[in-house]
Structures are given as C-alpha cells and as structure tokens.
Protein chains: 2
Amino acid sequence: MNKARHLTVATQQGDYALERQVGFLLREATQRHTAIFARLMPDEVTPTQWAALARLSELGPCSQNLLGRRTAMDAATIKGVVDRLIARGLAQARPDARDQRRRAIALTEAGDAFVGQALARARQITEETLQPLDAAERAQLLRLLAKIK
Amino acid sequence: MNKARHLTVATQQGDYALERQVGFLLREATQRHTAIFARLMPDEVTPTQWAALARLSELGPCSQNLLGRRTAMDAATIKGVVDRLIARGLAQARPDARDQRRRAIALTEAGDAFVGQALARARQITEETLQPLDAAERAQLLRLLAKIK
DNA sequence: CGCCGACTATTTGTATACGAACAAATCGCG
DNA sequence: CGCGATTTGTTCGTATACAAATAGTCGGCG
C-alpha cells in the first residue's frame with residue numbers, strides 16, 4: 001500500500017526534483033558559505049554582521065534604517081544586528097540632532113580597526129566559497145545571481 | 001576627520017565591494033525567492049517545510065534524522081520543522097518498532113493531498129524566481145550552484 | 001555476553017529573517 | 001500654518017539555522 005502510494009506520488013511529481021530547484025540549491029550554497037565564513041572570520045562575526053560593518057566603513061556614519069537598506073535587511077533585522085555590534089564594542093549609536101527619529105550609527109575605533117584587519121579574511125572566504133569554479137564560472141555565477149536578486 | 005578616515009578606509013577596501021561578494025548575492029537571491037514563495041505557496045507553508053513535505057512524499061515514511069539529511073537540515077532544525085508539520089496535521093510521527101531511537105515520520109492523508117496540490121505552485125515559484133533568466137542561463141545557474149553547494 | 005563507539009533525538013542558547021502593529025517625529029501640500 | 005502621509009525605530013510573534021550538551025538505543029567486536 002505504501003509502495004502503491006509512493007509510485008503514484010512519484011508519477012505526480014514527474015520532473016520535480018527537489019535537489020534541482022533553485023530555492024533548494026540556494027539554501028545549500030548559503031549553508032556551505034556560512035560554514036566557511038564561521039571557520040575563517042575571526043571573533044565570531046557573522047556574515048550579516050560583517051555586511052553591516054563593511055557598509056558602515058564605506059558609508060561612514062548613517063542612520064540605522066539606511067544602513068539596513070544598504071545591506072538588504074529590514075528594520076527589525078538591522079536593529080538586532082546593530083545592537084549586537086554595539087554590545088561587542090564594534091559600533092556605536094547616538095541620536096541625530098537634525099532628525100530626532102534617527103539613530104546615527106558609526107564604527108568605534110575598535111570597529112574600524114577590525115574592518116581593516118578582517119578584509120583579508122573576507123577575501124579568503126569569497127575565494128574559498130568559489131574555489132570549485134574557474135574564473136569564467138565565477139563571473140557567470142555572480143552575474144546570474146545579480147540578475148535574480 | 002571623518003572624511004579623511006573615510007578615504008583611508010575606502011583605499012584599504014580596494015576592490016572589495018560588498019554587493020559583488022558571493023555571500024551577499026546569495027542572501028539577496030534567497031530573499032527574493034523566499035518572498036515569491038510566501039506569495040505563491042498556499043497555507044503559509046515555508047520553503048523549508050515544503051522541502052520536508054516533498055522529500056517525505058518521494059521517500060515514503062522515514063526517520064526524522066534521515067529526512068533531515070535528505071533535506072539539508074541538521075537534527076535540531078528538522079525537529080522543529082517536523083513538529084510544525086505535525087501541528088498543522090500534514091505529517092505524523094510514531095516510534096519505529098525495530099529501532100526505538102527512531103521517530104518514524106510520514107505524511108498524513110491531508111499532507112499527501114497537499115503535496116499533490118502544491119506541486120503546481122512549487123513549479124510556478126521556481127519559474128518566477130528564474131524569470132529574469134533565459135533557458136541557457138537557468139541551466140548554468142543551477143549547474144554553478146550545485147558546484148559550490 | 002558485555003562493553004564501547006556510533007547513531008538518534010531532544011534541549012538550550014544565539015543569530016538571522018520578516019510581517020504586523022505601534023509611537024514618535026518629520027515632511028509636504030494645500 | 002496645519003494636518004495627513006511618510007519615515008524611523010521598536011516590539012512581538014513565528015520560523016529557520018546550527019553548535020553543544022545530554023540521554024537513550026543499537027551494533028559490532030573481543
């Protein structure tokens with residue numbers, strides 16, 4: 001009975017193979033990348049936290065929500081990330097004098113130093129993640145991901 | 001002073017552009033896919049829950065940990081997913097007579113019916129996610145993601 | 001047979017993610 | 001100027017994810 005049902009379902013599923021669906025492959029690729037990140041990035045900084053730090057370094061001080069938009073995080077997510085960066089002493093927040101709704105976020109000196117030192121690791125992480133691909137494939141992958149983002 | 005520091009950091013960052021890093025692009029692509037999924041999949045089933053349901057349908061009843069391995073989830077994650085599927089009445093668990101460590105997971109009738117009905121949606125979700133790409137690009141993307149997974 | 005290593009499941013803690021609801025401040029348009 | 005729409009930030013609830021610690025069970029090997 002289980003066998004019969006199994007065959008029926010398999011027939012219904014037809015060409016739908018989970019392991020060839022883009023969503024499933026995205027999740028697997030992200031998992032491998034996250035594992036590489038955890039192994040190579042010092043001080044337990046996560047990929048999301050690193051995105052916020054790198055952007056803060058590029059942008060200089062900016063409002064919390066703007067930082068979120070520039071790092072593809074919604075308001076609720078960026079709040080948690082920023083709060084944890086502050087708790088680690090890598091970022092600081094102060095009220096914006098011109099707009100009292102805003103929370104102005106900036107790197108601390110320690111945060112600035114950390115970014116400078118972690119950039120080499122970040123490049124290693126990207127390199128190791130893309131290691132199975134040759135140069136042309138790497139460029140292709142980045143191009144295609146950018147197209148569907 | 002901020003300006004001076006900003007320029008210095010930008011120089012240090014050199015060719016490191018966050019938006020061209022594979023990890024950041026993976027996160028953005030996953031975000032868009034997840035949003036499409038939430039819009040098209042009925043009954044608030046999440047991508048992860050769908051992975052478990054589709055695999056259960058393929059495999060027939062199996063142990064919780066095996067289901068986790070086949071869906072790229074660790075033991076802690078698959079437990080939560082299965083518990084929520086059970087709470088919704090889509091899956092059921094019983095002890096395995098042969099191996100008392102195991103929790104045998106199976107689809108309920110409602111779960112089986114759901115998979116049959118949701119397959120069309122799953123195909124739409126993949127189609128819409130890949131919509132910006134032509135056929136050759138789609139094949140390329142899946143191939144490259146499988147290589148770095 | 002008995003024991004040890006491996007497997008299975010659970011629990012706890014931390015960190016994303018996002019929708020929804022909310023309050024405060026600002027902006028824009030009449 | 002004033003009020004409604006928008007922006008900003010916070011909080012709550014739900015759902016992945018994974019490491020680490022724990023406990024029960026199984027299997028094989030001496």
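Side chains included, hydrogens not; waters and symmetry mates left out as well; all remaining heavy atoms used. In what follows, chains are A, B, ... by sequence order, proteins preceding strands, each numbered from 1. Keep in mind that what you see is a predicted model, and the values were worked out from it rather than measured.
- With rounding to whole Å, A:Glu28 atom CD is found 14 Å from D:dA17 atom C1'.
- Contacts of A:Ser63 with the nucleic acid, taken as non-hydrogen atoms under 4.0 Å apart, involve only primed sugar atoms and P, OP1 or OP2.
- Ionic pairing of B:Arg32 and B:Glu128 is not present here: no N-O contact between side-chain nitrogen and carboxylate oxygen is shorter than 4.0 angstrom.
- For C:dT16, the OP1/OP2 oxygens have no side-chain nitrogen or oxygen of B:Arg27 closer than 4.0 Å.
- Across the protein-nucleic acid pair, B:Arg102 atom CZ and C:dC7 atom C1' stand 8 Å apart, rounded to whole Å.
- Distance, B:Gln100 CD to D:dC26 P: 5 Å, rounded to whole Å.
- The listed nucleotides are D:dA19, C:dT16, D:dT8; the one nearest the side chain of A:Thr46 is C:dT16.
- For the pair A:Asp99 and B:Gln64, nearest-nucleotide mapping onto DNA chain C gives the more 5' position to B:Gln64.
- The distance between atom NZ of B:Lys79 and atom P of C:dT10, rounded to the nearest whole Å, is 4 Å.
- Using a 4.0 Å heavy-atom criterion, one finds that A:Thr48 contacts the sugar-phosphate atoms exclusively.
- A:Asp74 comes within 4.0 angstrom of a base, heavy atoms only.
- Between B:Asn65 and A:Gln49, it is B:Asn65 whose nearest contact on DNA chain C lies nearer the 5' terminus.
- In this entry the distance linking CZ of A:Arg84 with P of D:dT10 reads 13 Å, nearest Å.
- Residues B:Thr77 and B:Arg98 both approach DNA chain D. Their nearest nucleotides, taken by heavy-atom distance, put B:Thr77 toward the 5′ side.
- The neighbour count for A:Arg39 CZ, taken as heavy atoms of other residues, nucleotides or ligands under 6.0 Å away, is above 12.
- The separation between A:Leu67 atom CG and D:dT8 atom P is 13 Å, rounded to whole Å.
- Within the model, atoms CD of B:Glu19 and CG of A:Leu142 stand 11.5 Å from one another, a figure rounded to the nearest 0.5 Å.
- If you find the closest nucleotide of DNA chain D to A:Gln31 and to A:Asp83, the one lying nearer the 5' end belongs to A:Asp83.
- Here the P atom of nucleotide C:dT16 and the CG atom of B:Leu26 are 17 Å apart, to the nearest Å.
- In this structure, A:Arg94 places its CZ atom 14 Å from P of D:dG9, rounding to the nearest Å.
- Partner of B:Thr129 under the side-chain contact (heavy atoms from CB on, under 4.5 Å) criterion, out of B:Thr126, B:Leu133, B:Ile125: B:Ile125 alone.
- For B:Arg101 against D:dT25, a side-chain-to-base donor-acceptor contact under 3.5 Å is present.
- Checked options B:Arg101, B:Gln64, B:Arg102; the residue passing with B:Asp96 is B:Arg102 (criterion: side-chain contact (heavy atoms from CB on, under 4.5 Å)).
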